[in-house]
Number of protein chains: 2
Amino acid sequence: MSTASQAHDYEKLLREAGVRITRPRRTILRILSEGGDHPDALEIFRRASAIDPSISLSTVYRTMRLLEDKGAIHRHAFANGPSRFEQADSDHHDHLIDMDTGAVIEFRSDRIEALQDEIARELGYEIVFHRLELYGRKRRG
Amino acid sequence: MSTASQAHDYEKLLREAGVRITRPRRTILRILSEGGDHPDALEIFRRASAIDPSISLSTVYRTMRLLEDKGAIHRHAFANGPSRFEQADSDHHDHLIDMDTGAVIEFRSDRIEALQDEIARELGYEIVFHRLELYGRKRRG
DNA sequence: ATGCCTGCAAATTATTTGCATCCCT
DNA sequence: AGGGATGCAAATAATTTGCAGGCAT
């Protein structure tokens, strides 16, 4: 359970990577560091607009791509829907999507991670990244 | 290793489900039963056009949706790309995608399956379906 | 015959891009 | 100043849908 806390200083990291920190980028970075959820581009745009009405959706998309390239965020393509993003600072985890509410629950299993590596190795491959999503419903009590 | 073999008689199953077996549907069914790969709608449309030039892309999309609803095929949304389909007759398996060639390798691990159920249960959920995709590269030998 | 299906074109949704202008560094 | 970044609108890509006519049952 990582306490959201000190809005990771991506600004510094990005700046060092030669990325200009502009107003829209700062706004988007702030939004990403705040919510612990997985918003899509449109939702990020909405939240950003509330802070800076002049921001454009194109810039949101462009920024998400930039941040993804720099490794600052992860892009998720959950079943039937637009890409959803989350900051990359936290440890690796997988997702369980509540099919009724759309809520995303994060979890991690070292055993599953290890098994995946094992399987890939047996097939002669090296994993670069993976996607594990469980889609389910709350168990009736 | 399922020998492709006897083009599963989806026609009968669908007919019994009250679905009309039309020419385009028969063509698409045939294509799905042939290739053991994971074509997207456009690719299916191309193959279908070679057999019946009058078929339309809309019908391919409509048919894929119908077959998905009837449980005859599975829809996969691999990283950044259109949906890709595969017939549902074979046993459940997950996918390893070769990032260099785009090739899709199928595999199955009962241990991973079991671990997923366990994790979901601990979180108070019941899995309806899941997605596990490994993206990797051939190990330099 | 009757109503589900189809092809075609137009509409949607998600995302990208061209271009003139703006503003970080 | 200088060039990357932005907003806006137009362009793409993937998929869906309205409608008039066609075909399976």
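Everything numeric here is computed off the predicted structure, so don't read it as measured data. Proteins get letters first, then strands, A, B, ... in listed order; numbering begins at 1 in each.
Comparing the helix axis at one end of the helix from C:dA1-D:dT25 to C:dT25-D:dA1 with that at the other, each defined from 5 consecutive pairs, gives an inter-axis angle of 40° (nearest 10°).
If you take CZ of B:R65 and P of C:dT6, they are 14 Å apart, rounded to a whole angstrom.
A salt bridge does not link B:R139 with A:E126: every distance from a Lys NZ or Arg NE/NH1/NH2 to an Asp or Glu carboxylate oxygen is 4.0 Å or more. Contact check on A:K12 versus A:E16 returns no salt bridge, with no Lys/Arg side-chain nitrogen under 4.0 Å from an Asp/Glu carboxylate oxygen. The pair A:R46-A:E43 meets the salt-bridge criterion, since a charged nitrogen lies less than 4.0 angstrom from a carboxylate oxygen.
In terms of phosphate contacts, B:R26 brings no side-chain nitrogen or oxygen within less than 4.0 Å of OP1 or OP2 of C:dC5. Remark: A:T59 is not in phosphate contact with D:dA5, judged by side-chain N or O atoms under 4.0 Å from OP1 or OP2. Within the 4.0 Å cut-off from OP1 or OP2 of C:dT15, at least one side-chain nitrogen or oxygen of A:Y61 is found. Within the 4.0 Å cut-off from OP1 or OP2 of C:dC22, not a single side-chain nitrogen or oxygen of A:R23 is found. The side chain of B:S83 contributes an N or O atom lying less than 4.0 Å from OP1 or OP2 of D:dT15.
Within 6.0 Å of CZ on B:R30 lie no more than 12 heavy atoms contributed by other residues, nucleotides or ligands. Counting heavy-atom neighbours within 6.0 Å of B:R23 CZ, excluding the residue itself, gives a total of 12 or less.
Applying a 4.0 Å cut-off to non-hydrogen atoms, none of the residues of residues 37-51 of chain A approaches DNA chain D.
A:R15 comes within 4.0 angstrom of the backbone, heavy atoms only, and of no base.
Toward the 5' end of DNA chain D, the nearer of the two residues B:R75 and A:S56, judged by each one's closest nucleotide, is A:S56.
Contact of B:R20 with C:dC4 (side chain to base): a donor-acceptor pair of N or O atoms is detected under 3.5 Å. At a cut-off of 3.5 angstrom, counting only N and O atoms as typed in the model, there is a donor on one side and an acceptor on the other between the side-chain of A:R62 and the base of D:dG7. Donor-acceptor pairing under 3.5 Å, judged by distance alone, is present between the side chain of A:S58 and the base of D:dA9.
A 4.5 Å side-chain heavy-atom check between B:M64 and B:I28 finds at least one atom pair inside the cut-off.
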Could you tabulate the donor-acceptor pairs under 3.5 Å formed by side-chain atoms of residues 98-111 of chain B, not counting sequence neighbours?
residue: B:D98; atom: OD1; partner: B:D100; partner atom: N; Å: 2.8
residue: B:D98; atom: OD1; partner: B:T101; partner atom: N; Å: 3.0
residue: B:D98; atom: OD2; partner: A:Y125; partner atom: OH; Å: 2.5
residue: B:D100; atom: OD1; partner: B:R137; partner atom: NE; Å: 2.9
residue: B:D100; atom: OD2; partner: B:R137; partner atom: NE; Å: 3.4
residue: B:T101; atom: OG1; partner: B:A103; partner atom: N; Å: 3.1
residue: B:E106; atom: OE2; partner: B:H38; partner atom: NE2; Å: 3.2
residue: B:E106; atom: OE2; partner: B:H93; partner atom: NE2; Å: 3.4
residue: B:R108; atom: NE; partner: B:D110; partner atom: OD1; Å: 3.0
residue: B:R108; atom: NH1; partner: B:H92; partner atom: O; Å: 3.4
residue: B:R108; atom: NH2; partner: B:D110; partner atom: OD1; Å: 2.7
residue: B:S109; atom: OG; partner: B:R111; partner atom: N; Å: 3.4
residue: B:S109; atom: OG; partner: B:I112; partner atom: N; Å: 3.1

